[in-house]
Each structure stands twice: as structure tokens, then as C-alpha cells.
Amino acid sequence: MANFSQSSTISITCPKGMVPFLKTELVLLGFVIRKTRLAGVEIDGTLEDCMFLNLTLRTAHRVHFLLKDFKATNADELTDGLKSVAWENYIDKHGYVSLTSFIKNKTIKNTQFANLTAKDAIVDRIRMRKGARPDSGPKLNRTVVFLFWKGDEASVYLDTSGESLNRRGYRRDSHMAPMQETLASAIIQGSKWESDWHFINPMCGSGTLAIEAALMATQRAPGLLRPNYGIKHILGFDEDAWKKLRSELKQASIKEPKGRIIATDIDRRAIEAAKRNAQTAGVDHLIEFKVCDFRDTEIPFGDGVIVLNPPYGERLGEDDDLIPLYKAMGDFFKKDCSGKWGYIFTGNFGLAKKIGLRSSRRIELYNSTIECRLLEFELY
């Protein structure tokens, strides 16, 4: 069985642009950053640490635990390297394993072939040592292995997350194109918002921003709702230790935030979806939902932020139709939101110029493959 207290490199991935927020999270949790990449960081830690990280990180997508680095110039050497890993200590012979990868090797023309070769090497090793081999396939809900192979450098990891951590488990209803939970968390962390301030989210859509703000305001670990992680299917996983960790994280949360969280949308269907998602997340009692035009959103007295995520006009010819909306958002900030910090998240830099306000900061983030900016406005 795996030794959950043995230390190794932990590689934590995130979308491009989120690395600064991920680093801040890890430092606040007491970890030391060993290496920074374009879309992730590396720290030292154990599989026990991976249990904690999967439950607590807000901007991470996957937590990979390094098993071995080795040289591999071709498929044969890759097979030899993989067969040298004691897979029988990590994967149940009657279990299920899937393999994901990043492969850039001049001898490999078909990455599916490389994936199949790697998967066969893993299950063959288990069969030779245990007399039976686990099933394998594309599902990410059991044991997951990640292979990084670039040039002649290969690294093999246990993917302790399985499915991406942005899938918190509360979004049951979506309206239009919902924002990923990790992106919403990064937007909130990129703002000046503090947990005892008001958080106002006009154009709330499916409610992801408001729900993530409620989870932060109550200091609730974002992964507590999700029942399944890759780490739970690694041999040696301690269910009692997992339950104890979850209980400690639940007890660390607070009951009620000091600031108000307000979410509005002009579309009644969006508000209904947002309410259902908030109820699943257990924060519906903390968010004030209302169907109204964004300009009619209540702006309470006191410190707070207003965050808008308007449409970008991705299709040809939409830009002109959205110019009045972007001008109206600028007018809303100027007339009704003085004394607050205003934020607009957009992937259309041309339309951003129509807001009519000078931004004090522009934070680069990505919505999937779309380069976006979180624009900050100090509203005197």
C-alpha cells in the first residue's frame, strides 16, 4: 500500500493567469513554493497533504503527486520506466485506472498510442506482481495517473483530484454559459473585497460569483460538497483520517458573514438557477437574490465591491449591440456606486473602452481560451 506520509513533489495545476492567486493560497496555508510554471506551481508534500489541498484550494484544477522522474527517448524506454514503478502499491488489482497525459516527443506521432502503451505498462506490472489486472478506460472517477513526457524527460504522477477541482458539486443548474468556479474565485481574490465587506453581483447568471463569495465569507472549504476524489481510490487511503479532516474543516467555518451578498439578474430563469445552485452549496440563506435590471440593484451603505460579468460579444456583429450596455455600466458605477470598488470582467477590450471610466488595475485572466481582463475602478 502507498505510504501517505512519504514526501515527494506535488504539482498543482491551474488555468493560465491564476498562478499568482494559487501561490497566495498555498503560502497562506503554510506551504513553500518550490517552482512556478505558466499554469501551475510545485511544492513538497505528502499524500496526506494532497487530501488537504484537494478540499481547500479554490483556484487549483488538479493536485498531482510525483511517483518518479526518468529518461525516455522512445516508447520502449517509456515502458521500461513505467514498469519500474511499484504500481501494485497504489492501484487495486481489481480496480479501475485511467491515464491522462501531456506528450511532446519526436518519436511519437499519435498520443493515443503513447497513452495506450503507458496504460498497458502500468496494468501489466500489476498483473505480473498480483496475478490480476485492473480495468482501464477514460473515466476519471477512480484511480487516475498523469504522464508528463517532453523530449527525453518523463515524469509520472498520481492525479489525486481525478476530475477537475473546479467541479465543486453545487452547480446543478446552468444558465447560458456559466463561469467556472475556479475563475470566479480568482476574480474575487483579484478584487479588493474583504470577507466582512458587501459583495454585490449584478448580472449574476447562475450565481457562481455570489456562491464563491459566500463560501469565502464563511471560510468554508470549497471541496467539502464533492463526494469523490482520485485520492480516495489509492491503496492505503485512510477513510477515518479523511472524515476527521472534513470534520475539522467544517468546524473551522463561521456561521454568518458580516457583509451582505447581493445577486441580481434581469432574467428570472437565471435567478431561479442561481437559487438552486446556492441551495445545493448550502449558502442560499446568505445571498439576497432579486430579479431586476442591473441598474436597479441595491447598493448598501458601507465598504464593498460591485462585480459585473457582462457578455463579451464573441460572435461577429455583436459588438455594436453591446456598446449601450457597456456605457450604461460606466454610468451605473458613476451615479450609484460611489465609495465602492467596481469590477468588470470582460474578454472584449474594444467594448471595455466604452465604459467611460479609467481603470486603476487590469488583471489578466482566461475564460477557457479567451484572454480576458478584470478591470478595477475606484469609485470616488
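- Across every non-hydrogen atom of F31 and D44, the tightest pair is CD2-O, 4.3 Å.
- Residues V156 and L116 fall into different hydrophobic clusters, defined by Ile, Leu, Val, Met, Phe, Trp and Tyr side chains chained together at heavy-atom separations under 4.5 Å.
- Annotation: the span from H198 atom NE2 to W193 atom CH2 amounts to 12.0 Å, rounded to 0.5 Å.
- The cationic group of K354 does not satisfy the cation-pi geometry with Y326, failing either the under 6.0 Å distance to the six-membered ring centre or the 45° limit from the ring axis.
- Scanning all heavy atoms of the two residues, the minimum distance from I287 to A278 falls at CD1-CB, 4.2 Å.
- Donor-acceptor pairing under 3.5 Å is recorded for the side chains of D69 and S155.
- Atom CZ of F349 has more than 12 heavy atoms from other residues, nucleotides or ligands within 6.0 Å.
- Contact check for V305 versus F199: side-chain heavy atoms found under the 4.5 Å cut-off.
- Cation-pi check for R226 over Y229 is met; the charged atom lies under 6.0 angstrom from the ring centroid and within 45 degrees of its normal.
- Of the possible donor and acceptor atoms, none in the side chain of W87 sits under 3.5 Å from a partner among the backbone N and O of N89.
- Going from atom CD1 of I211 over to atom CZ of R220 covers 11.5 Å, rounded to the nearest 0.5 Å.
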### Query
Checking side chain to side chain contact (heavy atoms under 4.5 Å, CB included) for the pair L57/L26: CA distance, chi angles, key distance, verdict?
CA-CA 8 Å; L57 289 176; L26 288 164; 4.0 Å; yes
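- Between R246 and L55, the closest side-chain pair of non-hydrogen atoms falls below 4.5 Å.
- Between E42 and the options R37, K23, R34, a salt bridge (Lys or Arg N to Asp or Glu O under 4.0 Å) holds for only R37.
- I344 is not listed as a side-chain neighbour of L374, based on a closest heavy-atom distance of 4.5 Å or more.
- Linking Ile, Leu, Val, Met, Phe, Trp and Tyr whenever their side-chain heavy atoms come within less than 4.5 Å leaves F21 and L165 in two separate clusters.
- Centroid-to-centroid, the aromatic rings of F332 and F294 come within less than 6.0 Å.
- F377 and W341 have their aromatic ring centers separated by at least 6.0 angstrom.
- Clustering ILVMFWY residues whenever any of their side-chain heavy atoms sit less than 4.5 angstrom apart, transitively, puts V63 in a cluster other than the one holding L140.
- No side-chain donor-acceptor contact under 3.5 Å links N367 to the backbone of I370.
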### Message
I'd like to know whether L29 forms a side chain to side chain contact (heavy atoms under 4.5 Å, CB included) with T56, so could you lay out the CA-CA distance, the side-chain angles of the two residues, the decisive distance to 0.1 Å, and finally the verdict.
### Response
CA-CA 9 Å; L29 291 171; T56 56; 3.8 Å; yes
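- Between E88 and the choices R127, K93, R133, R125, the salt bridge (Lys or Arg N to Asp or Glu O under 4.0 Å) rule is met once, by R125.
- Side-chain contact between M18 and P15 is present, with at least one heavy-atom pair separated by less than 4.5 Å.
- Summarising the hydrophobic clusters (Ile, Leu, Val, Met, Phe, Trp, Tyr; side-chain heavy atoms under 4.5 Å, direct or chained), the residues clustered with F146 are L66, F102, F148, Y157.
- Counting only heavy atoms from C-beta outward, the side chains of V145 and D159 never approach each other to under 4.5 Å.
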#### Entry: Pair N277-S206, side chain to side chain donor-acceptor pair (under 3.5 Å): steps then yes or no
CA-CA 7 Å; N277 292 335; S206 299; 4.6 Å; no
### Task
Any chance you could lay out the side chain to side chain donor-acceptor pair (under 3.5 Å) test for N141 and Y96, step after step, and finish with the verdict?
CA-CA 9 Å; N141 60 355; Y96 179 98; over 6 Å; no
### Query
Under the side chain to side chain donor-acceptor pair (under 3.5 Å) criterion, do N105 and T107 qualify, and how do the steps go?
CA-CA 6 Å; N105 178 281; T107 68; 2.4 Å; yes
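- Using a 4.0 Å cut-off between charged side-chain N and carboxylate O, D240 and K243 make no salt bridge.
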### Task
Walk me through it: do V41 and V19 pass the test side chain to side chain contact (heavy atoms under 4.5 Å, CB included)?
CA-CA 7 Å; V41 300; V19 169; 4.0 Å; yes
### Task
Test I10 against C50 for side chain to side chain contact (heavy atoms under 4.5 Å, CB included), laying out the working first.
CA-CA 8 Å; I10 298 175; C50 291; 3.7 Å; yes
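- Atom OG of residue S195 and atom NZ of residue K258 lie 8.0 Å apart, to the nearest 0.5 angstrom.
- Nearest heavy atoms, Y312 versus T346: CE2-CA, 3.6 Å.
- Judged purely by atom type and a 3.5 angstrom limit, K139 has no side-chain atom pairing as donor or acceptor with the backbone of S136.
- Here the closest heavy-atom approach between residue F65 and residue Q6 is recorded as CZ-O, 3.6 Å.
- Taking the side chain as every heavy atom from C-beta outward, Y343 and R361 approach each other to under 4.5 Å.
- Inter-residue side-chain proximity for L215 and Y170 is flagged as met; some heavy-atom pair is nearer than 4.5 Å.
- Using a distance-only test at 3.5 Å, with no hydrogens or angles considered, no donor-acceptor pair links the side chain of D303 to the main chain of W197.
- Each of K192, R358, R362 was evaluated against E376; a single residue qualifies, K192, per the salt bridge (Lys or Arg N to Asp or Glu O under 4.0 Å) test.
- The shortest heavy-atom contact between V307 and N201 is O-ND2, 2.9 Å.
- Salt-bridge annotation for E288 and R260: present, with a side-chain N of the basic residue lying under 4.0 Å from a carboxylate O of the acidic one.
- Considering CZ of F333 and NZ of K340, their distance stands at 12.0 Å, rounded to 0.5 Å.
- Between the NE2 atom of H61 and the CD atom of E163 there is a distance of 12.5 Å, given to the nearest 0.5 Å.
- A distance-only check finds a donor-acceptor pair linking the side chain of D49 to the backbone of T46 [under 3.5 Å].
- For the pair S98/R142, no side-chain contact is recorded, criterion being any heavy-atom separation below 4.5 Å from C-beta on.
- Partner of E181 under the salt bridge (Lys or Arg N to Asp or Glu O under 4.0 Å) criterion, out of R167, R168, R171, R58: R171 alone.
- In terms of heavy-atom proximity, L183 sits nearest to M179 at CD2-CG, 3.9 Å.
- The backbone N or O of I103 lies less than 3.5 Å from no partner atom in the side chain of S101, so there is not a single donor-acceptor pair.
- Ionic pairing of K244 and E248 is present here: one or more N-O contacts between side-chain nitrogen and carboxylate oxygen are shorter than 4.0 angstrom.
- Cluster annotation: L158 is not connected to L235 through the hydrophobic network of ILVMFWY side chains, with a link wherever side-chain heavy atoms come within less than 4.5 Å.
- Comment: K334 engages D331 in a salt bridge, judged by a side-chain N to carboxylate O separation of less than 4.0 angstrom.
- A donor atom on one side chain and an acceptor atom on the other are not found under 3.5 Å apart for Q189 and T24.
- T297 and T264 form a side-chain donor-acceptor contact under 3.5 Å, judged by distance and modelled atom types alone.
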### Task
Output, in order, the C-alpha distance, side-chain angles, deciding distance and verdict of side chain to side chain donor-acceptor pair (under 3.5 Å) for D152 and T73.
CA-CA 5 Å; D152 64 349; T73 58; over 6 Å; no
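- Rounding to the nearest 0.5 angstrom, the gap separating the CD1 atom in I262 from the NZ atom in K290 is 9.5 Å.
- One hydrophobic cluster, built from ILVMFWY side chains closer than 4.5 Å, holds both I188 and L225.
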